Structures are given as structure tokens and as C-alpha cells.
Amino acid sequence: MRHSLGMNEALALTALESGDALSVADVVGRLAGLEIGRAIDDGSVYLALHRMSQRGMVVGTKRGVLSADGRQREVSFYEITPEGRHAVAQFVREANAVSRLARGTA
Amino acid sequence: MSIEEFLSKVIAQLMLSATVRLIEWLGSTEYAQNVVHAIHERCRKQGNWVALQSAVRSLLRVADPSPRLTAGLVWATGYLVMAVFYPGLIMARIHSTFGIHYPESPVTATLEVAFVIQTAMFLGAFGSRLVMHFALRGNRWGVRLSAATAAISFVCCVLGTSHAASAVHVTLLEAAITAAISVTAMVAMIYLGVDQVGRNIQPADFIADRVFKRWEGPQSAA
């Protein structure tokens with residue numbers, strides 16, 4: 001079953017498109033400079049990635065990492081799947097259509 | 001550094017620590033591990049206040065309650081139920097302690113029965129809570145022992161009802177009605193508790209697959 005992406009999901013998925021395995025912190029770091037006019041918190045990025053992993057758009061692998069507070073934590077590192085790339089491509093098509101409509105060129 | 005800057009830094013740090021602790025307490029392990037790591041990274045790169053804002057929003061997004069939260073909810077509900085019974089019990093105890101005639105009205109007698117049942121009910125709730133705790137961690141003996149605790153408390157509940165009923169001279173019907181109410185409350189609490197701990201564990205599957213059938217390992221809580 002195809003699911004259309006929410007904005008947070010699309011942003012997180014696009015951040016993963018480079019192919020690297022990224023943690024929630026890494027994805028948040030990549031989204032930090034986008035200036036989209038609203039804050040994206042760590043919790044919503046995790047929930048977006050978690051939802052997408054249930055839909056097969058990303059796969060998560062747990063790894064032990066040392067957090068900045070000096071504590072060892074088991075964190076998921078997510079990678080995009082072909083299904084995820086397909087979803088991003090579809091989202092971009094839809095976003096372009098919205099953009100064309102907004103500019104009156106459609 | 002001025003005193004205002006120093007105080008601001010200390011306050012932000014304290015609030016951030018408290019918020020992170022709350023996320024760890026209220027969120028599932030997976031949520032807490034991933035989100036708290038991200039919050040600390042944000043704190044390192046963007047400072048305490050930015051991290052604090054994200055942490056508070058992340059706290060509000062805890063959608064997957066931890067076993068601790070579930071236990072808290074179950075116990076809080078239980079205490080709420082107890083609060084209805086306690087005033088009558090305390091009154092009856094005062095009468096009894098100071099040699100005042102113990103009012104053996106059907107109401108106080110039923111309260112006495114209820115007290116015994118409620119105590120057993122809490123043991124049952126605690127046992128089932130431990131079942132969840134160990135189940136989520138894949139500890140099969142923990143599950144078995146906790147299930148046994150819950151089962152024993154259920155037997156105590158039945159025996160206690162019978163004993164209390166004869167001690168305070170309530171009719172069997174009154175005792176049965178009280179027992180039915182209390183046991184229904186207990187089952188509801190356990191059901192709600194189990195249902196809240198991870199969407200993957202449903203009561204029927206839980207009993208069938210994890211207590212009576214061969215253990216096949218824990219399911220993901222998140």
C-alpha cells in the first residue's frame with residue numbers, strides 16, 4: 001500500500017537520500033539550516049522515521065553511541081530503501097505541481 | 001560572564017535535565033534513547049535554550065508510553081478506586097479501635113470485604129505489571145514468576161473475600177457483588193495496562209503466546 005508522505009517525513013527522507021546511515025541527531029543536524037519557518041523537534045523527526053520504518057521506506061540499525069552527556073546509548077541509524085526513494089520522487093512531483101499551480105504556470 | 005548569563009545558563013541546564021529525565025521516564029526506551037541523544041547533540045551544537053525548546057516539544061510528543069508510565073497510570077487508577085473505599089474503612093477502624101461499637105451495617109461490612117479485595121487487587125496489578133516488564137525484556141522466568149504472583153493474588157482475592165465475608169457477617173450476595181466489582185476493576189486495569197504497553201502486545205495474544213505457549217522472544221515496544 002502506497003502512503004503519501006507528510007512534510008516531516010519528506011524532509012527526513014530527503015536528508016537520507018545521500019545514502020548515509022543517519023541517526024535522529026544527524027537528520028536533525030541536516031535539517032537545521034533549511035529555514036522553513038518553523039522548528040522541527042527531535043521527537044517529531046524520530047516519530048517520522050519510526051513511521052517510515054514500519055512502512056518499509058527506511059531501515060534502522062541499532063548501534064551503541066556515546067552521547068554528549070557522556071552516557072552510552074543505543075541509537076537507531078536509518079538508511080533509505082528503494083521504496084523510500086520512490087516516495088521522495090513522488091513527493092517531489094507533487095510539490096512541483098503545487099509550485100506550478102501557485103505560480104499560475106500549470 | 002555576567003550574573004544574568006550565569007543564572008540563565010544554570011536555569012536552562014536544570015530545566016533541560018529535568019525535561020530529559022521526564023522523556024526518559026515517560027517515553028518508550030527506543031524513543032528516549034534516540035531523542036535524548038539528539039537533544040544532547042543539539043545542546044552541544046546550538047546551546048541549552050534551543051535544546052530545551054526542542055526537548056519540551058519532544059516531551060509533548062511522547063506517544064508511546066513506557067512501562068513506567070503504564071504502571072503509574074494503573075496504580076493511580078487503583079488509588080482513585082481506593083480513595084472511594086478508604087473513608088468508610090477509616091471510620092470503621094476508629095470505631096473499632098476505641099471500643100466504639102463496630103457498625104456492622106451492610107455498607108461498612110461491604111467496605112471491609114472491599115479492602116481485602118483491593119489489597120489482593122493491587123498485588124495482582126503489580127504481578128501483571130511485572131509480567132509486562134519482563135516480557136518487554138524477553139526474560140522468560142521473570143514472566144513466569146510474575147504471572148504466578150498475579151495468579152496467587154487472584155487466589156488470595158477469592159479466599160480473602162470468603163474470609164472477610166464470614167468475619168463481618170455480610171451475606172454471600174453482598175460479598176459476591178463487591179468481589180465482582182473489584183475483580184472487574186482489576187481486569188480492566190490490567191487490560192488497560194497491557195494494552196498501553198506497546199501496541200504490539202494485546203492481552204489475548206499476550207496470555208496465549210507468552211504464558212501458555214513456547215516463548216519466542218520479546219516484541220518491539222516501540
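Chain naming here is simple, since letters A, B, ... match the order of the sequence lines and numbering starts at 1 in each. Below, all heavy atoms of this structure are taken into account, side chains as well, without hydrogens, waters or symmetry copies. All values derive from a computational prediction rather than experimental measurement.
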- A:Ser76 and B:Gln33: side chain to side chain contact (heavy atoms under 4.5 Å, CB included), yes or no, with the steps? CA-CA 9 Å; A:Ser76 294; B:Gln33 294 279 305; over 6 Å; no
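For residues 10-19 of chain B, there are no salt bridge (Lys or Arg N to Asp or Glu O under 4.0 Å) pairs, not counting sequence neighbours.
A donor-acceptor pair shorter than 3.5 Å cannot be found between the side chains of A:Gln54 and A:Arg51.
Comparing B:Ile39, B:Leu59, B:Val50 by how many heavy-atom pairs each has under 4.5 Å with chain A, the most go to B:Ile39. The most heavy-atom pairs under 4.5 Å with chain B, out of A:Asp26, A:Val24, A:Leu49, A:Val45, come from A:Val24. Counting heavy-atom pairs closer than 4.5 Å to chain A, the top-ranked of the candidates B:Glu41, B:Arg57, B:Gln46 is B:Arg57.
Rounding to the nearest 0.5 Å places CG of A:Leu16 at 12.5 Å from CE of A:Met57.
Interface residue B:Arg44: only side-chain heavy atoms are found under 4.5 Å from chain A.
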